[in-house]
Participant: 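Before I ask anything, here is the structure I am working with.
Throughout, protein chains are lettered first and strands after them, A, B, ... in sequence-line order, and every chain is numbered starting at 1. Heavy atoms only: backbone and side chains are in, while hydrogens, waters and symmetry mates are out.
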Amino acid sequence: MAKIITVQKGTKDILPTEIDSWHFIEETAKRVFSNAGYKEIRTPIFEATELFARGVGDTTDIVNKEMYTFEKSERSLTLRPENTAGVVRSYIENGMHRLPAPVKLWYKGPMFRYERPQAGRQRQFHQVGMEMFGIAQPTADAEAISLAVNYLNAIGLKDLDVEINTLGCPTCREEYKKKLKEVLKPYLPELCPDCQKRYEKNPLRLLDCKVEECKAIYEKPVVKEVITSDFVCPECHEHFESVKKYLNVLGIKYSVNKLLVRGLDYYNRTVFEIKSNNLGSQNAVCGGGRYDSLVRNLGGEDTPAVGFAMGMERLISLLPARESQKLDAYVVSTNVEETLKLVEYLRKNDIKVDFDMTNKKFTKQLEKASKLARFALILGEDEINQGTISVKNLANSEQISVQKEELGGILKNVK
RNA sequence: GCGGGUGUCGUCAAGUGGUUAAGACCUCGGAUUGUGGUUCCGAUAUACAUGGGUUCGAAUCCCAUCAUCCGCCCCA
């Protein structure tokens, strides 16, 4: 036997036994997003490497160590690690700023990050998400969060925690970072190596370190005072208050998590995550926020925007497995010609039907029918002579004799 | 990149140094040439991740490699 080639590390086949769950969450996404005025957009799965370096941010782990990058004809290309940068690129390139605002887009598809796989994390995974361009008002933030919650509810997920925070604007955030670094400076030698790196690169991310020694430092009154201070400027404060007010109006339960900073550089003001307690340590099912400077940074008009992305594998792992659909009917007959004609007729009428191509014995065919279908359509000599078909309900063994034209009604109505 | 666990048929799984490596499920065939889902019988012609080593003898002990799972970092 030739050597077997296996799937690559961190990638998975989505098998026929699971595909119904995928169809379900994809169809629900299409319905929920389009009800809110969103149109689907499909962008390429690879882009210029520079798009992600500039868009996602070159201090982030995603860009630093997780990108699938390859060279082709002296171009550096990268498999998309997330889709916001690509959608923004398309928005700019296609002049969508001329469309009436807001421009509301949603997407689904594979993303790629070169990481060690573990529970809830793969190298190729799938996200469904949305981006809304052109609205600076907090109503957009609230809509994004409510859309995420509505979608999760629509696929049947209820016990989820919504966490929100505000990062302020570039001006007040710089101020905050400065204060944070100041108060932490005396403790710098005591911090874990990761935190020492974060101290230089992205002080905001110091805050959700899990190392006990670091946590203890962040709990010290002098430090905690800075962390929990409402550092944002009056405008940002007002914006965040409105977002919370709208969430209350919408009846969305949330908690404010001052430690929530997100790992991508482009966010400002509102950020949010939705988490599940049933996922192991990779417990975020949704992450998003506002990114008002990304469009400009990627060469477009100054355009405010908000968006989120959800991990589809994580969603599916929280859903009960869906039983795969049986066929409506299976033809049981030893007369090949009549079988072919009947199958053709039924398929054209949108009945899910199959038959035995090897012309096995009657009992074998019926056995197969009981495994694969809800009804057996028995087409034997008697039936052919009389121009009828015997329809056997395989769940309760009831059998009736009908005309071909009656089949559609019977097979579609009785579920 | 770092730490830990695990690799026996398509799937689940017994076996922890001694002749042909249990069993169950699935699949296929037969009992049963027009009535299935129950039952019975049989088959899947070289399944112990791979390569070394220890031993009279290894699925079992040791080493390495590979794969996979879980955790850290980070994230969906």
Participant: From the set B:rC69, B:rU68, B:rC70, return the single nucleotide nearest to any side-chain atom of A:Lys9.
Facilitator: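 Shortest atom-to-atom distance from the side chain points to B:rU68.
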Participant: Measuring only the P atom in each nucleotide, how far is B:rA22 from B:rC9? A whole number of Å is fine.
Facilitator: 13 Å
Participant: Could you tell me whether the side chain of A:Gln282 has a donor or acceptor atom within less than 3.5 Å of a complementary atom in the base of B:rG71?
Facilitator: no
Participant: Is the ring pair A:Tyr267/A:Tyr291 parallel, tilted or perpendicular, if the boundaries are 30 and 60 degrees?
Facilitator: perpendicular
Participant: Less than 4.0 angstrom between a side-chain N/O of A:Lys65 and OP1 or OP2 of B:rC73, yes or no?
Facilitator: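 Checking A:Lys65 against B:rC73: no side-chain N or O falls below 4.0 Å of OP1 or OP2.
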Participant: How many whole angstroms separate atom NZ of A:Lys12 from atom P of B:rU68?
Facilitator: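 Distance, rounded to whole Å: 10 Å.
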Participant: Send over the distance from A:Glu338 CD to B:rG34 C1', rounded to a whole Å.
Facilitator: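 So the CD-C1' distance, A:Glu338 to B:rG34, works out to 16 Å.
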Participant: Between A:Tyr114 and A:Arg314, which has a closest nucleotide on RNA chain B that is more 5'?
Facilitator: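 Final value for this comparison: A:Tyr114.
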Participant: Do A:Arg123 and A:Tyr114 meet the cation-pi criteria used here (NZ or CZ under 6.0 Å from the six-membered ring centre, within 45° of the axis)?
Facilitator: yes
Participant: Between the base of B:rC74 and the side chain of A:Arg113, is there a donor and acceptor pair under 3.5 angstrom?
Facilitator: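 By the distance-only test, no, there is no pair.
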Participant: Name the pairing partner of B:rU6, where a pair is Watson-Crick or G-U wobble with both distances under 3.5 Å, or state none.
Facilitator: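 Result: B:rA67.
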Participant: Distance check needed: B:rU35 P versus A:Gln399 CD, whole Å only.
Facilitator: 10 Å
Participant: Taking atom P in both B:rC41 and B:rA24, what distance in whole Å separates the two?
Facilitator: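 Looking at atom P only, B:rC41 and B:rA24 are 10 Å apart.
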Participant: Given the structure, check if the side chain of A:Glu367 and the base of B:rU35 hold any donor-acceptor pair shorter than 3.5 Å.
Facilitator: no
Participant: Rounded off to whole Å, could you give me the NZ-to-P distance for the A:Lys326 and B:rG37 pair?
Facilitator: 13 Å
Participant: Check the orientation of A:Phe112 and A:Tyr68. Use parallel for under 30°, tilted for 30 to 60°, and perpendicular for over 60°.
Facilitator: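 It falls in the perpendicular class, over 60°.
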Participant: Any ion pair linking A:Lys30 and A:Glu27 (charged N to carboxylate O, less than 4.0 Å)?
Facilitator: no
Participant: Counting only side-chain heavy atoms from C-beta out, which of B:rG37, B:rU35, B:rC72 sits nearest to A:Ser370?
Facilitator: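 Selected nucleotide: B:rG37.
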Participant: For A:Glu273, answer base if it contacts any base atom (sugar-phosphate contacts may also be present), sugar-phosphate if it contacts only those atoms, and nothing otherwise; contact means non-hydrogen atoms under 4.0 Å.
Facilitator: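 Counting heavy atoms under 4.0 Å across all strands, no contact is made by A:Glu273.
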Participant: Would you mind telling me which of A:Ile351, A:Asp328, A:Leu377 makes a side chain to side chain contact (heavy atoms under 4.5 Å, CB included) with A:Leu407?
Facilitator: A:Leu377
Participant: Counting only side-chain N and O atoms of A:Ser281, is one of them less than 4.0 Å from OP1 or OP2 of B:rC72?
Facilitator: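 True: A:Ser281 side-chain N/O within range (under 4.0 Å) of B:rC72 OP1/OP2.
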Participant: Would you kindly give the CD-to-C1' distance between A:Gln122 and B:rC69, to the nearest whole Å?
Facilitator: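 The answer, rounded to whole Å, is 13 Å.
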Participant: Using Watson-Crick or G-U wobble geometry with both distances below 3.5 Å, tell me the partner of B:rU33, or none.
Facilitator: none
Participant: By nearest atom, which of the nucleotides B:rC72, B:rG29, B:rC70 is closest to the A:Arg121 side chain?
Facilitator: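 Nearest to the side-chain atoms of A:Arg121, counting from C-beta on, is B:rC72.
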Participant: Could you tell me the separation between the CD atom of A:Glu313 and the C1' atom of B:rA76, rounded to a whole number of Å?
Facilitator: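 My rounded result for the distance is 8 Å.
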Participant: Report the distance from atom OH of A:Tyr330 to atom C1' of B:rG34, rounded to the nearest whole Å.
Facilitator: 16 Å
Participant: Determine the Euclidean distance between corresponding P atoms of B:rG10 and B:rC48; express it in Å to zero decimal places.
Facilitator: 10 Å
Participant: Does A:Arg116 put a side-chain nitrogen or oxygen below 4.0 Å from OP1 or OP2 of B:rG71?
Facilitator: no
Participant: Tell me what A:Ala369 touches on the nucleic acid: a base, only sugar-phosphate, or nothing, going by heavy atoms under 4.0 Å.
Facilitator: nothing
Participant: So, does A:Lys368 get its side chain near the phosphate of B:rG37, meaning an N or O under 4.0 Å from OP1 or OP2?
Facilitator: no
Participant: Counting only Watson-Crick or G-U wobble pairs whose two distances fall under 3.5 Å, which nucleotide matches B:rU60?
Facilitator: none
Participant: Would you say the rings of A:Phe33 and A:Trp106 are close, in the sense that their centroids are separated by under 6.0 Å?
Facilitator: yes
Participant: Among B:rU35, B:rG30, B:rA76, which is the nearest nucleotide to the side chain of A:Arg262?
Facilitator: B:rA76
Participant: Quick test of your reading of the model: are A:Lys104 and A:Glu143 salt-bridged, counting only N-O distances below 4.0 Å?
Facilitator: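 Answer for the salt bridge query: yes.
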Participant: How far does the C1' atom of B:rC61 sit from the matching atom of B:rU54, given to the nearest Å?
Facilitator: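 Nearest-Å result for B:rC61 against B:rU54 at atom C1': 8 Å.
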Participant: Which one is paired to B:rC72, where only Watson-Crick or G-U wobble pairs with both distances under 3.5 angstrom count?
Facilitator: B:rG1
Participant: When you get a sec, tell me which of B:rU35, B:rU33, B:rC28 is the closest nucleotide to the side chain of A:Lys371?
Facilitator: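 The closest nucleotide is B:rC28.
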Participant: Indicate whether OP1 or OP2 belonging to B:rA31 is found under 4.0 Å from a side-chain N or O atom of A:Lys361.
Facilitator: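 Yes, because at least one side-chain N or O of A:Lys361 sits under 4.0 Å from OP1 or OP2 of B:rA31.
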Participant: Report the residue (A:Ala395 or A:Glu381) whose heavy-atom-nearest nucleotide on RNA chain B is the more 5′ of the two.
Facilitator: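 Looking at RNA chain B, the more 5' nearest nucleotide goes with A:Glu381.
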Participant: Could you tell me which nucleotide pairs with B:rG42 by Watson-Crick or G-U wobble geometry, both distances under 3.5 Å, or answer none if nothing does?
Facilitator: B:rC28
Participant: On the six-membered ring of A:Tyr345, is A:Lys404 placed so that its NZ or CZ lies under 6.0 angstrom from the centre and within 45° of the ring axis?
Facilitator: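 Pair A:Lys404/A:Tyr345 counts as cation-pi.
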Participant: Can you find a side chain N or O atom of A:Gln118 that sits less than 4.0 Å from OP1 or OP2 on B:rG71?
Facilitator: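 Checking A:Gln118 against B:rG71: at least one side-chain N or O falls below 4.0 Å of OP1 or OP2.
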Participant: Quick one: A:Met357 CE to B:rC28 C1', roughly how many Å, whole number?
Facilitator: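 Whole-Å distance recorded here is 18 Å.
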Participant: What does A:Lys360 touch in the nucleic acid at a heavy-atom separation under 4.0 angstrom: a base, only the sugar-phosphate, or nothing?
Facilitator: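 A:Lys360: backbone/sugar contact only, no base atoms under 4.0 Å.
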Participant: Could you tell me how far B:rG15 sits from B:rA47 if I compare only their C1' atoms? Round to whole Å.
Facilitator: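 Comparing C1' positions in B:rA47 and B:rG15 gives a spacing of 14 Å.
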Participant: So for A:Glu115 and B:rA76, does any side-chain atom that can act as donor or acceptor lie under 3.5 Å from a complementary atom in the base?
Facilitator: yes
